[in-house]
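Indexing begins at 1, ligand by ligand and atom by atom, following the structure's order. For reference, positions follow the sequence shown, starting with 1. Side-chain atoms are counted along with the backbone in the values below, which use heavy atoms only and exclude waters and symmetry mates. Keep in mind that what you see is a predicted model, and the values were worked out from it rather than measured.
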Amino acid sequence: MSYVDEVINLVVEKNPAQPEFHQAIKEVLESLRVVIEANEEAYRRDALLERIVNPERQIIFRVPWVDDNGQVQVNTGYRVQFNSAIGPYKGGIRLHPSVNIGIIKFLGFEQIFKNSLTGLPIGGGKGGSDFDPKGKSDREVMAFCQSFMNELYRHIGADTDVPAGDIGTGAREIGYMYGQYKKIRNIYEGVLTGKGLSYGGSLARTQATGYGLLYITAEMLKCNGSDIAGKTVAVSGAGNVAIYAIQKAQQLGAKPVTCSDSTGWIYDPEGIDVELLREVKEVKRARLTEYAAARPSAQYTEKKEGAPSVWSVKVDIALPCATQNELHLDDAKALVANGCMAVCEGANMPTTMEATEYLQANGVWFVPGKAANAGGVATSALEMSQNSERLSWSFEEVDGKLQNIMVNIFHNLDDAAKKYGMEGNYVAGANIAGFLKVAEAMTAQGIV
Ligand code: NDP
Ligand code: 2IT
(Lines give C-alpha, C1' and ligand atoms only; values in the text may rest on other atoms or scores of the structure.)
(Ligands and ions follow the chains in the order given, each with its own letter.)
Protein backbone atom coordinates (compact mmCIF):
# COMPACT_ATOMS: atom_id res chain seq x y z
CA MET A 1 0.00 0.00 0.00
CA SER A 2 1.25 3.51 -0.73
CA TYR A 3 2.44 5.67 2.15
CA VAL A 4 -0.42 8.14 1.54
CA ASP A 5 -3.08 5.39 1.69
CA GLU A 6 -1.50 3.91 4.83
CA VAL A 7 -1.70 7.25 6.61
CA ILE A 8 -5.26 7.97 5.43
CA ASN A 9 -6.34 4.55 6.77
CA LEU A 10 -4.53 5.19 10.03
CA VAL A 11 -6.28 8.52 10.52
CA VAL A 12 -9.72 7.02 9.81
CA GLU A 13 -9.04 4.12 12.18
CA LYS A 14 -7.59 6.19 15.03
CA ASN A 15 -10.07 9.09 14.84
CA PRO A 16 -13.51 7.48 14.62
CA ALA A 17 -16.63 9.63 14.16
CA GLN A 18 -14.67 12.62 12.82
CA PRO A 19 -15.87 12.73 9.18
CA GLU A 20 -14.83 16.33 8.52
CA PHE A 21 -11.31 15.60 9.76
CA HIS A 22 -11.11 12.50 7.53
CA GLN A 23 -12.32 14.59 4.57
CA ALA A 24 -9.70 17.29 5.11
CA ILE A 25 -6.92 14.70 5.48
CA LYS A 26 -7.98 12.87 2.32
CA GLU A 27 -8.29 16.04 0.28
CA VAL A 28 -4.78 17.17 1.23
CA LEU A 29 -2.93 13.85 1.15
CA GLU A 30 -4.53 12.64 -2.11
CA SER A 31 -3.21 15.67 -3.95
CA LEU A 32 0.25 15.34 -2.38
CA ARG A 33 0.82 11.84 -3.77
CA VAL A 34 3.33 12.93 -6.39
CA VAL A 35 5.38 14.91 -3.87
CA ILE A 36 5.26 12.18 -1.23
CA GLU A 37 6.24 9.49 -3.71
CA ALA A 38 9.25 11.52 -4.83
CA ASN A 39 10.52 11.68 -1.22
CA GLU A 40 8.99 8.52 0.16
CA GLU A 41 12.06 7.02 1.80
CA ALA A 42 12.97 10.06 3.88
CA TYR A 43 9.36 10.94 4.75
CA ARG A 44 8.66 7.34 5.87
CA ARG A 45 11.83 7.18 7.96
CA ASP A 46 10.91 10.42 9.70
CA ALA A 47 7.20 9.48 9.95
CA LEU A 48 6.58 12.90 8.50
CA LEU A 49 2.99 12.21 7.49
CA GLU A 50 2.10 10.50 10.78
CA ARG A 51 3.43 13.58 12.56
CA ILE A 52 1.70 16.12 10.33
CA VAL A 53 -1.74 14.51 10.76
CA ASN A 54 -1.37 14.40 14.56
CA PRO A 55 -1.88 17.69 16.41
CA GLU A 56 1.05 18.72 18.59
CA ARG A 57 -1.41 19.37 21.43
CA GLN A 58 -5.20 19.20 21.94
CA ILE A 59 -6.89 20.94 24.84
CA ILE A 60 -10.52 20.19 25.79
CA PHE A 61 -12.07 21.95 28.77
CA ARG A 62 -15.25 22.73 30.67
CA VAL A 63 -16.76 26.20 30.24
CA PRO A 64 -19.36 26.95 32.94
CA TRP A 65 -21.22 30.28 32.89
CA VAL A 66 -24.35 31.77 34.43
CA ASP A 67 -27.28 32.73 32.15
CA ASP A 68 -29.67 35.65 32.68
CA ASN A 69 -32.02 33.46 34.73
CA GLY A 70 -29.29 32.56 37.20
CA GLN A 71 -29.00 29.08 35.70
CA VAL A 72 -25.52 27.63 35.23
CA GLN A 73 -24.83 26.46 31.69
CA VAL A 74 -21.91 24.21 30.73
CA ASN A 75 -20.23 24.19 27.32
CA THR A 76 -17.12 22.43 26.03
CA GLY A 77 -14.11 24.46 24.92
CA TYR A 78 -11.43 23.31 22.47
CA ARG A 79 -8.04 24.49 21.29
CA VAL A 80 -6.09 22.31 18.89
CA GLN A 81 -2.46 23.40 18.51
CA PHE A 82 -1.77 21.52 15.33
CA ASN A 83 1.61 22.53 13.99
CA SER A 84 4.20 25.11 15.06
CA ALA A 85 6.95 24.31 12.53
CA ILE A 86 6.86 27.72 10.85
CA GLY A 87 5.50 29.98 13.60
CA PRO A 88 3.28 30.29 16.67
CA TYR A 89 -0.06 28.50 16.39
CA LYS A 90 -2.55 30.79 14.65
CA GLY A 91 -6.21 30.32 13.84
CA GLY A 92 -9.72 31.32 14.79
CA ILE A 93 -12.20 30.39 17.50
CA ARG A 94 -15.53 29.02 16.27
CA LEU A 95 -18.61 29.43 18.44
CA HIS A 96 -21.45 27.32 17.02
CA PRO A 97 -23.60 24.48 18.42
CA SER A 98 -22.19 22.08 15.81
CA VAL A 99 -18.60 22.41 17.11
CA ASN A 100 -16.88 19.18 18.18
CA ILE A 101 -13.29 17.97 18.26
CA GLY A 102 -13.45 16.55 14.71
CA ILE A 103 -14.53 19.89 13.26
CA ILE A 104 -11.84 21.78 15.17
CA LYS A 105 -9.23 19.26 13.96
CA PHE A 106 -10.30 19.63 10.31
CA LEU A 107 -10.09 23.39 10.63
CA GLY A 108 -6.73 23.24 12.43
CA PHE A 109 -5.28 20.89 9.82
CA GLU A 110 -6.38 23.15 6.94
CA GLN A 111 -4.97 26.12 8.81
CA ILE A 112 -1.42 24.67 8.71
CA PHE A 113 -1.28 24.82 4.92
CA LYS A 114 -3.26 28.05 4.61
CA ASN A 115 -0.91 29.84 6.98
CA SER A 116 2.08 28.46 5.13
CA LEU A 117 0.67 29.78 1.83
CA THR A 118 0.49 33.33 3.21
CA GLY A 119 4.30 33.37 3.28
CA LEU A 120 4.14 34.73 6.85
CA PRO A 121 5.59 33.03 9.96
CA ILE A 122 2.45 31.46 11.44
CA GLY A 123 1.76 27.86 12.45
CA GLY A 124 -1.63 26.15 12.43
CA GLY A 125 -4.25 26.00 15.20
CA LYS A 126 -7.97 26.31 15.77
CA GLY A 127 -10.35 26.46 18.70
CA GLY A 128 -13.95 26.92 19.62
CA SER A 129 -16.90 25.80 21.62
CA ASP A 130 -20.41 24.43 21.15
CA PHE A 131 -21.70 27.67 22.71
CA ASP A 132 -24.28 29.44 20.51
CA PRO A 133 -24.05 33.25 20.74
CA LYS A 134 -27.31 33.56 18.80
CA GLY A 135 -30.15 34.90 20.94
CA LYS A 136 -27.89 35.46 23.96
CA SER A 137 -27.68 38.81 25.75
CA ASP A 138 -24.41 40.74 25.71
CA ARG A 139 -23.94 39.86 29.38
CA GLU A 140 -24.36 36.15 28.66
CA VAL A 141 -21.86 36.35 25.81
CA MET A 142 -19.42 38.15 28.13
CA ALA A 143 -19.91 35.53 30.86
CA PHE A 144 -19.18 32.75 28.38
CA CYS A 145 -16.13 34.51 26.88
CA GLN A 146 -14.65 35.20 30.32
CA SER A 147 -15.12 31.61 31.43
CA PHE A 148 -13.65 30.34 28.14
CA MET A 149 -10.57 32.53 28.68
CA ASN A 150 -10.27 31.46 32.34
CA GLU A 151 -8.88 28.19 30.96
CA LEU A 152 -7.55 29.18 27.54
CA TYR A 153 -5.20 31.88 28.89
CA ARG A 154 -2.67 29.34 30.20
CA HIS A 155 -2.20 27.83 26.73
CA ILE A 156 -1.85 30.96 24.58
CA GLY A 157 0.42 34.02 24.24
CA ALA A 158 1.66 36.47 21.62
CA ASP A 159 4.61 34.15 20.76
CA THR A 160 2.85 30.84 21.52
CA ASP A 161 -0.67 30.74 20.11
CA VAL A 162 -2.73 33.66 18.81
CA PRO A 163 -6.47 32.96 18.37
CA ALA A 164 -8.87 35.12 16.34
CA GLY A 165 -12.45 35.18 15.05
CA ASP A 166 -14.38 32.62 13.04
CA ILE A 167 -18.07 31.65 12.83
CA GLY A 168 -19.86 33.21 15.81
CA THR A 169 -16.75 35.03 17.04
CA GLY A 170 -16.58 38.66 15.97
CA ALA A 171 -15.38 41.94 17.46
CA ARG A 172 -17.66 41.67 20.51
CA GLU A 173 -16.42 38.22 21.53
CA ILE A 174 -12.75 39.05 20.84
CA GLY A 175 -13.12 42.16 23.03
CA TYR A 176 -14.47 40.19 26.01
CA MET A 177 -11.82 37.48 25.61
CA TYR A 178 -9.02 40.04 25.33
CA GLY A 179 -10.20 41.89 28.44
CA GLN A 180 -10.23 38.68 30.46
CA TYR A 181 -6.77 37.59 29.23
CA LYS A 182 -5.33 40.96 30.22
CA LYS A 183 -7.04 40.81 33.61
CA ILE A 184 -5.62 37.36 34.40
CA ARG A 185 -2.13 37.72 32.91
CA ASN A 186 -1.51 41.42 33.55
CA ILE A 187 0.17 41.63 30.14
CA TYR A 188 -0.88 43.94 27.33
CA GLU A 189 0.16 41.93 24.28
CA GLY A 190 -1.19 40.93 20.89
CA VAL A 191 -2.51 37.58 22.08
CA LEU A 192 -5.63 37.77 19.92
CA THR A 193 -6.24 39.27 16.48
CA GLY A 194 -9.39 40.86 15.14
CA LYS A 195 -9.23 43.28 18.06
CA GLY A 196 -11.03 46.63 18.08
CA LEU A 197 -9.08 49.56 16.63
CA SER A 198 -8.87 51.31 20.02
CA TYR A 199 -6.92 48.45 21.64
CA GLY A 200 -4.49 47.11 19.05
CA GLY A 201 -6.65 45.94 16.17
CA SER A 202 -5.57 46.41 12.56
CA LEU A 203 -7.39 48.50 10.01
CA ALA A 204 -8.74 46.26 7.22
CA ARG A 205 -8.78 43.07 9.33
CA THR A 206 -12.59 43.12 9.38
CA GLN A 207 -12.72 43.30 5.59
CA ALA A 208 -9.66 41.15 4.91
CA THR A 209 -11.09 37.68 4.30
CA GLY A 210 -13.82 38.88 1.92
CA TYR A 211 -11.57 41.39 0.19
CA GLY A 212 -8.77 38.83 -0.13
CA LEU A 213 -11.20 36.35 -1.68
CA LEU A 214 -12.02 38.86 -4.40
CA TYR A 215 -8.37 39.82 -4.94
CA ILE A 216 -7.37 36.21 -5.60
CA THR A 217 -10.50 35.55 -7.69
CA ALA A 218 -9.73 38.60 -9.85
CA GLU A 219 -6.09 37.55 -10.28
CA MET A 220 -7.05 33.99 -11.19
CA LEU A 221 -9.55 35.22 -13.78
CA LYS A 222 -7.02 37.67 -15.21
CA CYS A 223 -4.39 34.94 -15.57
CA ASN A 224 -6.95 32.82 -17.41
CA GLY A 225 -7.75 35.64 -19.83
CA SER A 226 -11.00 36.70 -18.16
CA ASP A 227 -12.08 39.65 -16.00
CA ILE A 228 -14.09 40.00 -12.79
CA ALA A 229 -15.80 43.18 -14.01
CA GLY A 230 -19.30 42.57 -15.33
CA LYS A 231 -19.63 39.08 -13.83
CA THR A 232 -22.68 37.91 -11.90
CA VAL A 233 -21.79 36.33 -8.57
CA ALA A 234 -23.57 33.99 -6.13
CA VAL A 235 -22.40 34.38 -2.53
CA SER A 236 -23.54 32.20 0.36
CA GLY A 237 -23.42 33.29 3.99
CA ALA A 238 -24.25 36.69 5.42
CA GLY A 239 -21.49 37.00 7.99
CA ASN A 240 -18.07 38.59 8.10
CA VAL A 241 -16.64 36.87 5.03
CA ALA A 242 -19.77 37.11 2.86
CA ILE A 243 -20.48 40.79 3.58
CA TYR A 244 -17.02 42.03 2.60
CA ALA A 245 -16.82 39.66 -0.36
CA ILE A 246 -20.03 41.23 -1.64
CA GLN A 247 -18.70 44.75 -1.00
CA LYS A 248 -15.40 44.15 -2.82
CA ALA A 249 -17.11 42.32 -5.70
CA GLN A 250 -19.20 45.44 -6.26
CA GLN A 251 -16.13 47.69 -6.06
CA LEU A 252 -14.48 45.56 -8.75
CA GLY A 253 -17.50 45.93 -11.05
CA ALA A 254 -19.14 42.55 -10.49
CA LYS A 255 -22.74 41.98 -9.42
CA PRO A 256 -23.39 39.75 -6.40
CA VAL A 257 -27.04 38.67 -6.46
CA THR A 258 -27.35 36.26 -3.53
CA CYS A 259 -26.54 35.75 0.15
CA SER A 260 -27.77 33.24 2.73
CA ASP A 261 -27.95 32.49 6.42
CA SER A 262 -28.74 29.38 8.43
CA THR A 263 -32.47 29.65 7.77
CA GLY A 264 -32.77 30.78 4.14
CA TRP A 265 -31.37 32.73 1.22
CA ILE A 266 -31.90 35.89 -0.80
CA TYR A 267 -31.96 36.34 -4.56
CA ASP A 268 -31.76 40.01 -5.40
CA PRO A 269 -31.48 40.41 -9.21
CA GLU A 270 -30.70 44.12 -8.83
CA GLY A 271 -27.61 43.26 -6.77
CA ILE A 272 -27.28 42.87 -2.99
CA ASP A 273 -27.64 46.12 -1.04
CA VAL A 274 -24.58 45.68 1.16
CA GLU A 275 -25.40 48.52 3.55
CA LEU A 276 -28.83 47.02 4.21
CA LEU A 277 -27.24 43.60 4.69
CA ARG A 278 -24.77 45.05 7.21
CA GLU A 279 -27.59 46.74 9.09
CA VAL A 280 -29.60 43.49 9.29
CA LYS A 281 -26.68 41.20 10.18
CA GLU A 282 -23.97 43.27 11.89
CA VAL A 283 -26.16 45.73 13.80
CA LYS A 284 -29.49 44.00 14.42
CA ARG A 285 -28.13 40.41 14.35
CA ALA A 286 -31.44 39.55 12.63
CA ARG A 287 -32.52 37.03 9.97
CA LEU A 288 -32.45 37.63 6.22
CA THR A 289 -36.26 37.83 6.20
CA GLU A 290 -35.67 41.39 7.45
CA TYR A 291 -33.54 42.12 4.39
CA ALA A 292 -36.31 40.77 2.15
CA ALA A 293 -38.93 42.83 3.98
CA ALA A 294 -36.94 46.04 3.39
CA ARG A 295 -36.03 45.41 -0.26
CA PRO A 296 -38.78 44.99 -2.88
CA SER A 297 -36.42 43.43 -5.48
CA ALA A 298 -35.36 40.60 -3.13
CA GLN A 299 -36.84 37.10 -3.14
CA TYR A 300 -36.44 35.00 0.02
CA THR A 301 -36.36 31.18 -0.03
CA GLU A 302 -36.68 29.34 3.27
CA LYS A 303 -34.05 26.62 3.73
CA LYS A 304 -35.68 23.19 3.75
CA GLU A 305 -35.21 19.72 2.34
CA GLY A 306 -35.95 19.70 -1.40
CA ALA A 307 -36.08 23.52 -1.78
CA PRO A 308 -33.71 25.07 -4.36
CA SER A 309 -30.39 26.23 -2.91
CA VAL A 310 -28.45 29.43 -3.42
CA TRP A 311 -26.44 27.58 -6.09
CA SER A 312 -29.50 27.19 -8.37
CA VAL A 313 -29.20 30.80 -9.58
CA LYS A 314 -27.54 31.36 -12.97
CA VAL A 315 -24.21 33.07 -12.26
CA ASP A 316 -20.69 33.32 -13.66
CA ILE A 317 -18.91 32.92 -10.33
CA ALA A 318 -19.83 31.16 -7.07
CA LEU A 319 -18.30 32.17 -3.73
CA PRO A 320 -19.36 29.87 -0.87
CA CYS A 321 -18.77 31.89 2.33
CA ALA A 322 -20.89 30.21 5.04
CA THR A 323 -19.67 26.86 6.35
CA GLN A 324 -18.26 23.41 5.51
CA ASN A 325 -20.00 21.06 3.07
CA GLU A 326 -22.62 23.57 1.95
CA LEU A 327 -22.05 23.02 -1.81
CA HIS A 328 -22.98 19.47 -2.81
CA LEU A 329 -22.74 17.45 -6.02
CA ASP A 330 -26.27 18.50 -7.10
CA ASP A 331 -25.32 22.13 -6.58
CA ALA A 332 -22.14 21.65 -8.63
CA LYS A 333 -24.22 20.13 -11.44
CA ALA A 334 -26.61 23.09 -11.35
CA LEU A 335 -23.72 25.57 -11.45
CA VAL A 336 -22.11 23.80 -14.42
CA ALA A 337 -25.44 23.54 -16.26
CA ASN A 338 -25.87 27.30 -15.78
CA GLY A 339 -22.44 28.07 -17.25
CA CYS A 340 -20.61 28.99 -14.02
CA MET A 341 -16.91 29.49 -14.79
CA ALA A 342 -15.32 29.73 -11.32
CA VAL A 343 -15.84 28.63 -7.72
CA CYS A 344 -13.61 30.24 -5.09
CA GLU A 345 -14.07 29.20 -1.47
CA GLY A 346 -14.48 31.96 1.12
CA ALA A 347 -15.44 29.45 3.79
CA ASN A 348 -13.33 26.50 4.96
CA MET A 349 -14.08 23.33 2.95
CA PRO A 350 -17.57 24.49 1.83
CA THR A 351 -17.48 22.21 -1.24
CA THR A 352 -17.81 18.45 -0.80
CA MET A 353 -15.14 16.28 -2.42
CA GLU A 354 -17.59 14.91 -5.02
CA ALA A 355 -18.69 18.44 -5.91
CA THR A 356 -15.08 19.64 -6.19
CA GLU A 357 -14.19 16.75 -8.50
CA TYR A 358 -17.27 17.40 -10.66
CA LEU A 359 -16.47 21.10 -10.98
CA GLN A 360 -12.84 20.42 -11.89
CA ALA A 361 -13.80 17.68 -14.36
CA ASN A 362 -16.17 20.13 -16.06
CA GLY A 363 -13.59 22.85 -16.53
CA VAL A 364 -14.69 25.16 -13.69
CA TRP A 365 -11.74 27.05 -12.18
CA PHE A 366 -11.73 26.05 -8.52
CA VAL A 367 -9.68 27.85 -5.85
CA PRO A 368 -9.79 26.05 -2.48
CA GLY A 369 -10.44 27.84 0.81
CA LYS A 370 -6.94 27.42 2.17
CA ALA A 371 -5.77 29.76 -0.60
CA ALA A 372 -8.88 31.81 -1.33
CA ASN A 373 -9.73 32.78 2.26
CA ALA A 374 -6.13 33.17 3.47
CA GLY A 375 -6.44 36.97 3.42
CA GLY A 376 -8.06 36.90 6.86
CA VAL A 377 -5.28 35.10 8.66
CA ALA A 378 -2.64 36.94 6.61
CA THR A 379 -4.02 40.25 7.86
CA SER A 380 -4.11 38.79 11.37
CA ALA A 381 -0.38 38.21 10.97
CA LEU A 382 -0.04 41.86 9.89
CA GLU A 383 -1.93 42.80 13.07
CA MET A 384 0.64 40.78 15.05
CA SER A 385 3.47 42.69 13.33
CA GLN A 386 1.87 46.04 14.17
CA ASN A 387 1.38 44.97 17.79
CA SER A 388 5.03 43.91 18.05
CA GLU A 389 6.32 47.22 16.79
CA ARG A 390 3.61 49.12 18.73
CA LEU A 391 2.51 50.96 15.61
CA SER A 392 -0.64 51.08 13.48
CA TRP A 393 -0.53 51.11 9.72
CA SER A 394 -3.05 52.97 7.53
CA PHE A 395 -5.94 51.17 5.84
CA GLU A 396 -4.25 51.65 2.47
CA GLU A 397 -0.98 50.15 3.69
CA VAL A 398 -2.63 47.03 5.12
CA ASP A 399 -4.95 46.65 2.12
CA GLY A 400 -1.99 47.02 -0.25
CA LYS A 401 -0.05 44.29 1.56
CA LEU A 402 -3.16 42.09 1.50
CA GLN A 403 -3.48 42.51 -2.27
CA ASN A 404 0.17 41.57 -2.77
CA ILE A 405 -0.19 38.53 -0.54
CA MET A 406 -3.26 37.25 -2.41
CA VAL A 407 -1.65 37.76 -5.82
CA ASN A 408 1.48 35.94 -4.60
CA ILE A 409 -0.58 33.07 -3.22
CA PHE A 410 -2.26 32.60 -6.58
CA HIS A 411 1.05 32.54 -8.45
CA ASN A 412 2.60 30.16 -5.93
CA LEU A 413 -0.15 27.63 -6.29
CA ASP A 414 -0.40 28.09 -10.03
CA ASP A 415 3.37 27.53 -10.36
CA ALA A 416 3.31 24.49 -8.04
CA ALA A 417 0.48 22.91 -10.05
CA LYS A 418 2.42 23.46 -13.28
CA LYS A 419 5.71 22.19 -11.82
CA TYR A 420 4.10 18.91 -10.78
CA GLY A 421 2.26 18.40 -14.08
CA MET A 422 -1.22 19.38 -12.89
CA GLU A 423 -1.68 22.74 -14.58
CA GLY A 424 -4.91 24.46 -13.57
CA ASN A 425 -5.47 22.14 -10.60
CA TYR A 426 -5.40 24.79 -7.89
CA VAL A 427 -6.34 22.29 -5.17
CA ALA A 428 -3.17 20.32 -5.82
CA GLY A 429 -1.15 23.52 -6.26
CA ALA A 430 -2.29 24.93 -2.91
CA ASN A 431 -1.71 21.71 -1.02
CA ILE A 432 1.73 21.16 -2.54
CA ALA A 433 2.94 24.74 -2.06
CA GLY A 434 1.61 24.87 1.52
CA PHE A 435 2.98 21.44 2.44
CA LEU A 436 6.53 21.79 1.09
CA LYS A 437 7.44 24.72 3.35
CA VAL A 438 6.05 23.02 6.46
CA ALA A 439 7.70 19.68 5.58
CA GLU A 440 11.05 21.38 5.09
CA ALA A 441 10.80 23.20 8.43
CA MET A 442 9.75 20.01 10.24
CA THR A 443 12.61 18.08 8.70
CA ALA A 444 15.15 20.77 9.64
CA GLN A 445 13.93 20.86 13.25
CA GLY A 446 14.37 17.15 13.88
CA ILE A 447 12.01 14.70 15.53
CA VAL A 448 9.92 16.87 17.85
P1 NDP B 1 -19.93 34.51 10.63
O2 NDP B 1 -20.37 33.90 11.89
O3 NDP B 1 -19.67 35.96 10.58
O4 NDP B 1 -20.98 34.18 9.47
C5 NDP B 1 -21.29 32.88 9.13
C6 NDP B 1 -22.45 32.91 8.14
O7 NDP B 1 -22.69 31.61 7.66
C8 NDP B 1 -23.74 33.38 8.77
O9 NDP B 1 -24.51 34.04 7.81
C10 NDP B 1 -24.39 32.10 9.21
O11 NDP B 1 -25.80 32.17 9.30
C12 NDP B 1 -23.97 31.15 8.11
N13 NDP B 1 -23.81 29.80 8.67
C14 NDP B 1 -22.97 29.42 9.65
N15 NDP B 1 -23.10 28.13 9.94
C16 NDP B 1 -24.05 27.68 9.13
C17 NDP B 1 -24.63 26.42 8.95
N18 NDP B 1 -24.26 25.35 9.68
N19 NDP B 1 -25.58 26.30 8.00
C20 NDP B 1 -25.95 27.37 7.27
N21 NDP B 1 -25.43 28.62 7.40
C22 NDP B 1 -24.48 28.76 8.32
O23 NDP B 1 -18.64 33.68 10.18
P24 NDP B 1 -17.52 34.08 9.11
O25 NDP B 1 -18.12 34.86 8.00
O26 NDP B 1 -16.38 34.61 9.85
O27 NDP B 1 -17.10 32.64 8.58
C28 NDP B 1 -17.69 32.03 7.43
C29 NDP B 1 -16.76 30.94 6.91
O30 NDP B 1 -15.51 31.53 6.53
C31 NDP B 1 -16.41 29.83 7.88
O32 NDP B 1 -16.20 28.63 7.16
C33 NDP B 1 -15.07 30.29 8.45
O34 NDP B 1 -14.33 29.21 8.97
C35 NDP B 1 -14.44 30.88 7.21
N36 NDP B 1 -13.35 31.84 7.41
C37 NDP B 1 -13.51 32.95 8.17
C38 NDP B 1 -12.49 33.85 8.30
C39 NDP B 1 -12.62 35.12 9.06
O40 NDP B 1 -11.68 35.92 9.04
N41 NDP B 1 -13.74 35.39 9.71
C42 NDP B 1 -11.18 33.62 7.65
C43 NDP B 1 -11.14 32.45 6.81
C44 NDP B 1 -12.20 31.60 6.72
P45 NDP B 1 -26.53 32.98 10.49
O46 NDP B 1 -26.44 34.44 10.10
O47 NDP B 1 -27.93 32.46 10.49
O48 NDP B 1 -25.77 32.66 11.73
O1 2IT C 1 -10.19 30.23 9.11
C2 2IT C 1 -9.47 31.23 9.29
O3 2IT C 1 -8.43 31.41 8.63
C4 2IT C 1 -9.89 32.21 10.28
N5 2IT C 1 -10.94 32.06 10.89
C6 2IT C 1 -9.00 33.40 10.57
C7 2IT C 1 -7.90 33.02 11.51
C8 2IT C 1 -7.05 34.15 12.01
O9 2IT C 1 -6.17 33.84 12.84
O10 2IT C 1 -7.22 35.30 11.62
The one among [options] that brings a heavy atom closest to [atom]:
atom: atom 35 (C) of ligand 1; options: Asn348, Val280, Asn325; result: Asn348
atom: atom 37 (C) of ligand 1; options: Leu277, Asn240, Ile103, Val241; result: Val241
atom: atom 4 (C) of ligand 2; options: Lys126, Lys370, Glu383, Met384; result: Lys126

Answer yes or no for Glu110: is there a heavy-atom contact with ligand 2 below 4.0 Å? no

Decide yes or no on ring-ring contact (aromatic ring centres under 6.0 Å, His included) for Tyr89 and Phe82, but give the supporting numbers first. CA-CA 7 Å; Tyr89 310 107; Phe82 223 118; 9.6 Å; no

When you look for heavy atoms under 4.0 Å from ligand 1, do you find them on the side chain of [X], its backbone, both, or neither?
X: Thr209; value: side chain
X: Lys281; value: side chain
X: Glu282; value: neither

With a 4.0 Å cut-off on N to O distance, would you call [X] and [Y] a salt bridge?
X: Lys370; Y: Glu110; result: yes
X: Arg287; Y: Glu302; result: yes
X: Asp316; Y: Lys231; result: no
X: Asp161; Y: Arg79; result: yes
X: Lys136; Y: Asp68; result: no

Can you sort out which atoms of ligand 2 are near [X], meaning under 4.0 Å from one of its heavy atoms?
X: Gly92; result: 7 (C)
X: Gln111; result: 1 (O), 2 (C), 3 (O)
X: Ala164; result: 8 (C), 9 (O), 10 (O)
X: Gly165; result: 4 (C), 5 (N), 6 (C)

Which residue supplies the protein heavy atom nearest to [atom], what is that atom called, and how far is it?
atom: atom 4 (O) of ligand 1; answer: Gly239 CA, 3.2 Å
atom: atom 33 (C) of ligand 1; answer: Asp166 OD1, 3.2 Å
atom: atom 13 (N) of ligand 1; answer: Ala322 CB, 4.2 Å
atom: atom 2 (O) of ligand 1; answer: Gly168 N, 3.0 Å
atom: atom 17 (C) of ligand 1; answer: Thr323 CG2, 3.5 Å
atom: atom 15 (N) of ligand 1; answer: His96 NE2, 3.7 Å
atom: atom 10 (O) of ligand 2; answer: Ser380 OG, 2.6 Å
atom: atom 6 (C) of ligand 2; answer: Arg205 NH2, 3.6 Å
atom: atom 14 (C) of ligand 1; answer: Ile167 CD1, 4.1 Å
atom: atom 21 (N) of ligand 1; answer: Ser262 CA, 3.6 Å
atom: atom 9 (O) of ligand 2; answer: Lys90 NZ, 2.7 Å
atom: atom 2 (C) of ligand 2; answer: Lys114 NZ, 3.2 Å

Testing Gln386, Glu383, Lys195 one by one against Ser202 for a side chain to side chain donor-acceptor pair (under 3.5 Å), which residue passes? Gln386

Partner of Glu290 under salt bridge (charged side-chain N to carboxylate O under 4.0 Å, His left out), picked from Lys281, Lys284, Arg295, Arg285, is Lys284

Are any of the N/O atoms in Ala238 less than 3.5 Å from those in ligand 1? yes

Would Lys114 count as a polar contact of ligand 1, with the cut-off being nitrogen or oxygen pairs under 3.5 Å? no

If we set the cut-off at 4.0 Å for heavy atoms, which region of Asn348 has an atom near ligand 2: side chain, backbone, both, or neither? side chain

Which heavy atom in [X] sits nearest to a heavy atom in [Y], and how many Å separate them?
X: Met406; Y: Gly212; result: CE-O, 3.5 Å
X: Val141; Y: Phe131; result: CA-CZ, 4.3 Å
X: Ile243; Y: Ala238; result: CD1-O, 3.6 Å
X: Thr258; Y: Tyr267; result: CG2-CD1, 4.2 Å

Answer yes or no for [X]: is there a heavy-atom contact with ligand 1 below 4.0 Å?
X: Arg94; result: yes
X: Lys134; result: yes
X: Glu326; result: no
X: Lys303; result: yes
X: Ser98; result: no
X: Gly170; result: no

For the residue pair Trp65 and Phe144, does the interplanar ring angle fall in the parallel (under 30°), tilted (30 to 60°) or perpendicular (over 60°) class?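 Taking Phe144 first and then Trp65, their aromatic rings stand perpendicular (interplane angle over 60°).
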
Please state whether the rings of Phe61 and Phe148 are parallel, tilted or perpendicular, taking 30° and 60° as the class boundaries.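 Tilted.
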
With a cut-off of 6.0 Å (strictly less than), are more than 12 heavy atoms of other residues, nucleotides or ligands near CG of Asp159? no

Glu440 atom CD, neighbour heavy-atom count above 12 within 6.0 Å: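 Check fails, neighbour count at 12 or below.
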
Would you please indicate if the ring centroids of Phe366 and Tyr426 are separated by under 6.0 Å? no

side-chain contact (heavy atoms from CB on, under 4.5 Å) with Val343: which of Ile317, Leu319, Leu359, Val367? Leu359

Nitrogen or oxygen of Asn373 less than 3.5 angstrom from that of ligand 2: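 Between Asn373 and ligand 2, no N or O pair is found under 3.5 Å apart.
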
Element-labelled atoms of ligand 1 that are located less than 4.0 Å from some non-hydrogen atom of Ser260: 9 (O)

